[in-house]
Chemist: 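What follows is a structure written as structure tokens; I'll ask about it next.
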Amino acid sequence: MLDIQLLRSDLEGVAARLATRGFVLDTARFHELEVRRKAIQMRTQELQSRRNSASKLIGQAKAKGEDTTAIMAEVALVGDELKTTEVQLVELQAELQIMLEGLPNMPHESVPVGASEADNQELRRVGSAPVFDFAVKDHVELGEGLGGLDFETAAKISGARFSVLKGGLARLHRALAQFMLDTHTDQHGYTEVYVPYLVNAASMRGTGQLPKFEEDLFRVPRQMGEGGEQNFYLIPTAEVPVTNMVRDEIVPLEQLPLKFVAHTPCFRSEAGSAGRDTRGMIRQHQFEKVELVQMVHPDESPAALEQLLGHAEMILQKLGLHYRVVRLCSGDIGFSSAITYDIEVWLPAQDTYREISSCSSFEAFQARRMQARFRNSAGKPELLHTLNGSGLAVGRTLVAVLENYQQTDGSIVIPEVLRPYMGGLEKLAR
RNA sequence: GGAGAGGUGGCAGAGUGGUCGAAUGUACCUGACUCGAAAUCAGGCGUAGCGUUAUACGCUACCGAGGGUUCGAAUCCCUCCCUCUCCGCCA
């Protein structure tokens with residue numbers, strides 16, 4: 001959520017910056033709502049003030065046993081008008097809130113202006129693509145050849161966009177997640193957390209999935225007591241439960257930065273992706289991810305983003321996978337993000353780079369929605385900055401390992417760093 | 001699932017329908033004392049919104065959430081959520 005003060009003081013400036021990401025801010029409507037809000041709020045507060053002082057007088061008069069009928073008649077009139085203005089004020093503020101919650105974050109100054117993916121900037125390539133002297137297979141062919149990847153059974157159990165892993169492949173998948181967690185906790189200073197996979201609407205609102213992107217989520221309805229209805233949502237990323245740990249909290253300054261890592265399943269409806277990436281494990285309704293989350297002092301967030309990106313890259317380096325880092329342009333960054341770097345891993349069978357991690361700084365955008373604060377050196381509560389990034393998407397990393405470490409006979413050499421997690425096994429073969 | 005007890009400032013914890021944004025303690029800040037500190041004493045110290053650009057002033061709202069009664073609600077009524085204790089069931 002953007003700071004409403006900023007919209008009031010520099011509406012055109014905000015509109016211009018949002019325009020770089022292709023968002024049209026209805027400045028006329030905002031202005032009109034604000035004018036009405038201001039008038040009605042002032043009137044309401046004036047009436048409340050009169051009612052309060054009158055009520056106080058009534059109390060004093062009654063204590064002395066005096067007659068109060070005159071003053072009570074007067075305050076009744078105030079009450080009548082108050083009833084209408086209070087309702088109007090609540091409605092106006094709700095309208096403003098809805099509008100405000102629908103506004104995306106402003107891209108950071110460093111973000112290149114662009115319309116789409118095509119305008120993203122490649123920052124660097126790290127490592128080199130493996131060279132094969134035979135026709136490469138994709139991960140589906142490799143996985144099925146090993147008898148460890150089964151989409152038909154997954155389709156029977158659930159439907160499209162699910163997978164079943166078996167045997168060595170299932171273990172390799174687990175090994176990847178363990179390796180990532182251990183690296184981030186032992187070497188990068190993150191605290192591992194285990195969190196709920198079902199969250200409430202307030203949490204989804206806090207990180208920005210709601211109210212705008214409900215169609216991307218799996219909703220789990222539940223009936224509470226009489227008439228009380230509260231949905232759960234399956235998390236689309238660990239970012240949601242982990243970041244919301246600090247919702248409505250005031251973190252002591254000396255505890256910053258907070259650095260958490262969580263390994264969770266992620267659930268996405270992929271409502272807008274019909275027909276995209278239908279083959280293989282690239283785009284699933286359910287996948288595993290190791291997620292890095294940081295809550296930091298505002299002054300520290302640019303440096304923290306660079307570090308977090310480095311932590312994610314380290315996993316690929318240790319696995320010996322070739323990748324590139326891309327700086328997303330203003331037209332391609334996510335709704336809540338101020339800056340985003342994508343890490344794209346080399347997939348030889350597709351002869352291209354595919355996103356395997358997305359590292360973002362949200363600045364105070366999520367913190368403002370969540371009222372996630374810290375106590376600054378002056379002792380006053382101030383909004384935190386939040387960041388997160390995949391470190392990494394486990395399913396896609398499995399795909400990358402299969403395709404990059406494949407041998408002529410369809411077997412897979414296991415990267416050295418994973419072997420301790422595989423009981424010392426060096427190769428996956430049928 | 002059954003029975004009971006609770007939810008109030010950073011934390012702990014009082015609170016009679018009116019003078020309660022809320023006692024008290026603690027934490028924190030300032031000052032006095034001290035070479036300095038501790039202890040002690042005095043004062044200050046919630047969040048948000050509006051007027052208003054403002055660490056100053058005024059007003060408003062906020063005592064789990066929402067609704068109701070009332071001139072007036074932390075306090076009374078209703079609904080919901082959450083926490084704790086005991087019993088039952090369960091991994």
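Quick note on labels: first sequence line is chain A, next is B, and so on, each numbered from 1.
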Chemist: Do A:Asn52 and A:Ser55 get their side chains close enough for a donor-acceptor pair, meaning under 3.5 Å?
Modeler: no

Chemist: Per the ring pair (Phe, Tyr, Trp, His ring centres under 6.0 Å) rule, what does the pair list look like for residues 365-389 of chain A, sequence neighbours excluded?
Modeler: A:His297-A:Phe374, A:Phe335-A:Phe365

Chemist: May I have the distance from A:Glu86 (atom CD) to B:rU70 (atom C1'), rounded to whole angstrom?
Modeler: 14 Å

Chemist: Which whole number of Å gives the distance between the C1' atom of B:rC76 and that of B:rU16?
Modeler: 13 Å

Chemist: For the pair A:Ser49 (side chain) and A:Gln45 (backbone), establish whether a donor and an acceptor sit closer than 3.5 Å, ignoring hydrogens and angles.
Modeler: no

Chemist: Identify each atom pair where a protein N or O and an N or O of nucleotides 18-20 of chain B are less than 3.5 Å apart, giving names and distance.
Modeler:
from   : atom 1 : to      : atom 2 : distance (Å)
B:rG18 : N2     : A:Ser55 : O      : 2.7

Chemist: Can you find a pair of side-chain heavy atoms, one from A:Glu95 and one from A:Arg29, that are under 4.5 Å apart?
Modeler: yes

Chemist: Give me the one residue out of A:Arg354, A:Arg161, A:Arg268 that meets salt bridge (Lys or Arg N to Asp or Glu O under 4.0 Å) with A:Asp277.
Modeler: A:Arg354

Chemist: Taking the minimum atom-to-atom distance to the side chain of A:Asn52, which one of B:rG49, B:rU60, B:rU47 wins?
Modeler: B:rU60

Chemist: With side-chain hydrogen bond (donor to acceptor under 3.5 Å, both in side chains) as the test, would you mind laying out the steps for A:Gln48 and A:Glu86 before giving the verdict?
Modeler: CA-CA 9 Å; A:Gln48 284 171 330; A:Glu86 276 180 339; 3.0 Å; yes

Chemist: Using the C1' atom as the point on both nucleotides, what is the distance between B:rG72 and B:rG58, in whole Å?
Modeler: 22 Å

Chemist: Rounding to an integer number of angstrom, what distance separates B:rC28 and B:rC80 when you compare their P atoms?
Modeler: 43 Å

Chemist: For B:rA22 versus B:rC81, give the span between their P atoms, rounded off to a whole number of Å.
Modeler: 33 Å

Chemist: Just how far, in rounded Å, is P of B:rG46 from CD1 of A:Ile250?
Modeler: 12 Å

Chemist: Expressed in whole Å, how much space separates the C1' atoms belonging to B:rC78 and B:rU19?
Modeler: 30 Å

